[in-house]
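Report on the following structure.
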Amino acid sequence: MIKGNVTLCGRICHIATLRPNKKGELYTNFSVKVSLPVGVGNTKDCWISVRKKGGTLEELKQYLIGTSVEITGILNFHKSKEDIYLNLTADTIEFVDNTRPECIAGEIEFYGKVGTVPEIKDDKHGNKYMYFSGYSSEMSGEERVFIWVRFIRFSGEIEDFLKKGNGIHLTGTLDMFFYNDHLSLGCRFREVTRWVKEKAGKE
């Protein structure tokens, strides 16, 4: 499982609608696009599906295509084939000036497994950092899919349990970008602990 607690600033790109959930509770639903980095000096649009509990037909008139919004909430990540899809459950939505820089920023919580052997490297200033990748898995239809995250921490130490295949629970700062035309996830992490998956839980 991968979950983000984020602030998003982007542009509405799909008309807002009201839809009930299975309990009959109404939600405002719309889509936002945000420009994310592609290498140095380039960007590519990323689409995020947004929903917020409540709403009225009168309020929907504010959600004009092209309007800039700043949204806080919980970001969930799902994968189908090679693409990662983003769903944001909003706590707050604010209409902002269209000069506000677009971004997705915040914290990430990760439950999954160590996918590559952690390494200690030196940056260009001689500072040591630890680097590895991990993955979380879920079912997409009848297929099990894997979402990979690149992790980095400026430290010359590696915890004993950070071995390939071991389960981990990790928290840190979210980094999102495009690589080879696909959305990629990174994290500058602060805390990591050993995690053992429960039989009824999700990885």
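None of these values were measured; they are calculated from a predicted model. The residues of the chain are indexed from 1 along the displayed sequence.
Distance alone, capped at 3.5 Å, is enough to place a donor-acceptor pair between the Ser136 side chain and the Tyr111 backbone. A donor-acceptor pair under 3.5 Å links the side-chain atoms of Lys79 to the main chain of Phe146, judged by distance alone. Listed for the Thr116 side chain is a donor-acceptor partner under 3.5 Å among the backbone atoms of Ser133. Listed for the Arg194 side chain is a donor-acceptor partner under 3.5 Å among the backbone atoms of Gly167. Of the possible donor and acceptor atoms, none in the side chain of Asn180 sits under 3.5 Å from a partner among the backbone N and O of His182. Side-chain atoms of Glu70 never come within 3.5 Å of backbone atoms of Thr7 as a donor-acceptor pair (strictly under, hydrogens ignored).
Ionic pairing of Glu59 and Lys52 is not present here: no N-O contact between side-chain nitrogen and carboxylate oxygen is shorter than 4.0 angstrom. With salt bridges taken as basic N to acidic carboxylate O contacts below 4.0 Å, one links Asp45 and Arg11.
Annotation: cation-pi geometry not satisfied between Arg150 and Phe177 (NZ/CZ under 6.0 angstrom from ring centroid, within 45° of ring axis).
Both Leu185 and Val38 belong to a common hydrophobic cluster when Ile, Leu, Val, Met, Phe, Trp and Tyr are linked at side-chain heavy-atom distances under 4.5 angstrom.
The aromatic rings of Phe151 and Phe110 stand perpendicular to each other, their planes meeting at an angle above 60°, with 30° marking the opposite boundary.
A side chain to side chain contact (heavy atoms under 4.5 Å, CB included) with Leu75 holds for exactly one of Leu86, Val50, Thr89; it is Leu86. Among the candidates Val192, Ile120, Ile152, the single residue satisfying the side chain to side chain contact (heavy atoms under 4.5 Å, CB included) test with Met130 is Ile120.
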